[in-house]
Amino acid sequence: MSLLVIGSVAFDAIDTPFGSTGKIVGGAASFISLSAAMLHNQVGLVAVVGDDFDFNFIDSLKQRGVNVDGLQVKDGEKSFFWHGKYHMDMNSRDTLVTELNVLGSFDPIIPESWQQPDYVMLGNLSPQVQLTTLSRLTRRPKLVVMDTMNFWMDIAMDELKQVLQKVDVLAINDEEARQLSGEHSLVKAAKKIQAMGPSTLIIKKGEHGALLFGEEQIFFCPALPLEDVFDPTGAGDTFAGGFIGYMARSGSNRFQDMKKALLYASCMASFCVEKFGTERLQEISMDDVNNRLEEFNKLIRVD
Ligand code: AMP
């Protein structure tokens, strides 16, 4: 089952109350594809970077088994750059800088061998690019999952609503769900957002876990309680990568399997926050993932 991932591959700079980074590798699709490729072996990436990018990172994606035929490198141009600053609670943050650079004119060219993917993860990107990506697929995928953020709600709400009509699952955080729906109650927000298109909605609540809203059911999965959260950047993308990676591996699009996918998603996200950027995701093994899944099972099991 092939899984196409599209999203930003970027440089980030992160400030937390406990330390700051210079420019490090980030971007939604970097986290998604590292996470998904941990669980599934047919992951293809469509993205764009400038010639200033860190190409060692691209090598490590390849080593993880990610197909990068759809990665464009723009000579003489700069990669997307995002600078974020976390508040003391590490759950909320401010965006200090967003420089679109190569993303501003990104034309998502999908290699021919990836034009009929079974699963698609539309990572955080301009809704226009997300729409173009879907229009270039030559067959309706089995499952399309989408992420977005307040930045796009502020500047491209109309296009965002068009993408929503074409996807099966939307994965956003609680603040974004409230902004998109205009509702404070997450249950009411979910109903409104599901009426906009996606039959399934995932609302991520950071350290407080995630809710999965189906057509008639709601499921909840906690986040693993961790002693130290070092850098939450990319946790949402890593979560989405774990979710769709598991769905692609299982070959399913059923709600029942999405519950288990949520567990894998939370498990993958718990690694992401342990170090800055993609560092922790790059070093973990499948044994680490299995051990952590066991911790999750203990956390939620009632004998
Ligand atoms: P998350 O912490 O999961 O919300 O995702 C953080 C990642 O999103 C960072 O690595 C950023 O590079 C990326 N990002 C931030 N703003 C944007 C944007 N407007 N478009 C695409 N990617 C973004």
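A quick note: this is a predicted structure, and the numbers were derived from the prediction, not measured.
The closest side-chain heavy-atom distance from L34 to M38 is not below 4.5 Å. Proximity of L170 to F213: side-chain heavy atoms (C-beta onward) are nowhere separated by under 4.5 Å. Under the 4.5 Å side-chain criterion, counting only non-hydrogen atoms from C-beta, M268 is not in contact with F239. Side-chain contact check for M157 versus L180: some heavy-atom pair is nearer than 4.5 Å. When side chains are defined from C-beta on, E77 does not count as touching V49, because their heavy atoms never get closer than 4.5 Å. Inter-residue side-chain proximity for V229 and P232 is flagged as met; some heavy-atom pair is nearer than 4.5 Å. Contact annotation: the side chain of L3 never approaches that of M247 to less than 4.5 Å [non-hydrogen atoms, C-beta and beyond]. Residues V273 and T238 have side chains not in contact (no heavy-atom distance under 4.5 Å, counting atoms from C-beta outward).
The backbone N or O of M90 sits nowhere less than 3.5 Å from a side-chain atom of E207 that would complete a donor-acceptor pair. A distance-only check finds a donor-acceptor pair linking the side chain of S126 to the backbone of V129 [under 3.5 Å]. A side-chain donor-acceptor contact under 3.5 Å links S185 to the backbone of V187. No donor-acceptor distance shorter than 3.5 angstrom exists from the side chain of S266 to the backbone of L263, with no hydrogens or angles considered. The backbone N or O of L96 sits nowhere less than 3.5 Å from a side-chain atom of D94 that would complete a donor-acceptor pair. Here the side chain of N173 pairs a donor or acceptor atom with the backbone of E176 at under 3.5 angstrom. Between the side chain of S8 and the backbone N or O of A10, no donor-acceptor pair lies under 3.5 Å. Side-chain N or O atoms of Q194 include one that pairs as donor or acceptor with a backbone N or O of S199 at under 3.5 Å. Under the 3.5 Å distance criterion, the side-chain polar atoms of D237 are left unmatched by any main-chain donor or acceptor of A240.
Taking CG of D147 as the reference point, atom CD1 of I32 lies at 6.5 Å (rounded to 0.5 Å). Here the CZ atom belonging to F81 is positioned 12.5 Å from the CG atom belonging to L100, to the nearest 0.5 angstrom. Atoms CD1 and CG, on I193 and L164 in that order, are 8.0 Å from each other to the nearest 0.5 Å. I202 CD1 to L211 CG: the interatomic distance, rounded to the nearest 0.5 Å, is 10.5 Å. The distance from atom CG of L103 to atom NZ of K74, rounded to the nearest 0.5 Å, is 11.5 Å. Atom CG of N101 is separated from atom NZ of K78 by 5.5 Å, given to the nearest 0.5 angstrom.
The side chain to side chain donor-acceptor pair (under 3.5 Å) pairs that include a residue from residues 45-56 are D52-S79, where partners are two or more places apart or lie in different chains. Sorted by first and then second residue, the salt bridge (Lys or Arg N to Asp or Glu O under 4.0 Å) pairs with a member in residues 156-168 read R140-D168; sequence neighbours excluded. Residue pairs meeting the salt bridge (Lys or Arg N to Asp or Glu O under 4.0 Å) criterion with at least one member in residues 283-296, sequence neighbours excluded, are E274-R292, K275-E283, R280-E283. For residues 18-44, the set of pairs meeting the side chain to side chain donor-acceptor pair (under 3.5 Å) definition, not counting sequence neighbours, comprises D15-S20. Residue pairs meeting the salt bridge (Lys or Arg N to Asp or Glu O under 4.0 Å) criterion with at least one partner in residues 255-269, sequence neighbours excluded, are R254-D257.
Between A223 and G206, the shortest heavy-atom distance links the atoms CB-O, 3.7 Å. What you find for G27 and D12 is that their closest heavy atoms are N-OD2, 3.8 Å. Closest of all the heavy-atom pairs between I244 and M121 is CG2-CB, 4.0 Å. The heavy-atom pair separating P127 from W152 by the smallest distance is CD-CE3, 3.7 Å. What you find for F243 and V145 is that their closest heavy atoms are CE2-CG2, 4.1 Å. The shortest heavy-atom contact between C272 and A235 is SG-N, 3.7 Å.
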Side chains of residues 57-73: which donor-acceptor partners sit under 3.5 Å, not counting sequence neighbours?
| from | atom 1 | to | atom 2 | distance (Å) |
| --- | --- | --- | --- | --- |
| S60 | OG | F57 | O | 2.8 |
| S60 | OG | Q282 | NE2 | 2.9 |
| R64 | NH1 | I284 | O | 3.4 |
| R64 | NH2 | Q282 | O | 3.0 |
| R64 | NH2 | I284 | O | 2.7 |
| N67 | OD1 | D69 | N | 2.9 |
| N67 | ND2 | D69 | OD2 | 3.4 |
| Q72 | NE2 | D107 | O | 2.8 |

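T138 and Q115 are not linked by any side-chain donor-acceptor pair at a separation below 3.5 angstrom, with hydrogens and angles left out of the test. Side-chain N/O atoms of W114 and S2 include no donor and acceptor closer than 3.5 Å.
In this structure, F55 and F53 have perpendicular ring planes: the angle between them is above 60°, well past the 30° mark. Between Y246 and Y264, the ring planes lie parallel to each other; the angle is under 30°, not in the 30° to 60° tilted range.
No single ILVMFWY cluster, assembled from side-chain heavy atoms under 4.5 Å apart, contains both F11 and I14. Cluster annotation: V43 is not connected to L137 through the hydrophobic network of ILVMFWY side chains, with a link wherever side-chain heavy atoms come within less than 4.5 Å. If you chain together hydrophobic residues whose side chains sit under 4.5 Å apart, L134 and L4 fall into the same group. Taking hydrophobic clusters as Ile, Leu, Val, Met, Phe, Trp and Tyr residues chained together by side-chain heavy-atom distances below 4.5 Å, I155 shares a cluster with L160. Cluster membership for M149 and Y86, using ILVMFWY side-chain heavy atoms within less than 4.5 angstrom, is shared.
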Report task. Report the C-alpha distance between T200 and M258 in whole Å, list the side-chain angles of each, state the deciding distance to 0.1 Å, and finish with yes or no for side chain to side chain contact (heavy atoms under 4.5 Å, CB included). Result -> CA-CA 10 Å; T200 306; M258 289 185 192; 3.8 Å; yes

Query raised in the report: Under the side chain to side chain contact (heavy atoms under 4.5 Å, CB included) criterion, do R178 and H184 qualify, and how do the steps go?
Result: CA-CA 6 Å; R178 290 188 170 112; H184 186 78; 3.4 Å; yes

**Report entry** Working for side chain to side chain contact (heavy atoms under 4.5 Å, CB included), residues L201 and I172
**Finding:** CA-CA 8 Å; L201 174 69; I172 50 178; 4.3 Å; yes

**Report entry** Residue pair V144, Y119: steps toward the side chain to side chain contact (heavy atoms under 4.5 Å, CB included) verdict
**Finding:** CA-CA 6 Å; V144 180; Y119 292 77; over 6 Å; no

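Enclosure of atom NZ in K142 by more than 12 non-hydrogen atoms of other residues, nucleotides or ligands within 6.0 angstrom is indicated.
Aromatic pair F276/F230: centroids less than 6.0 angstrom apart.
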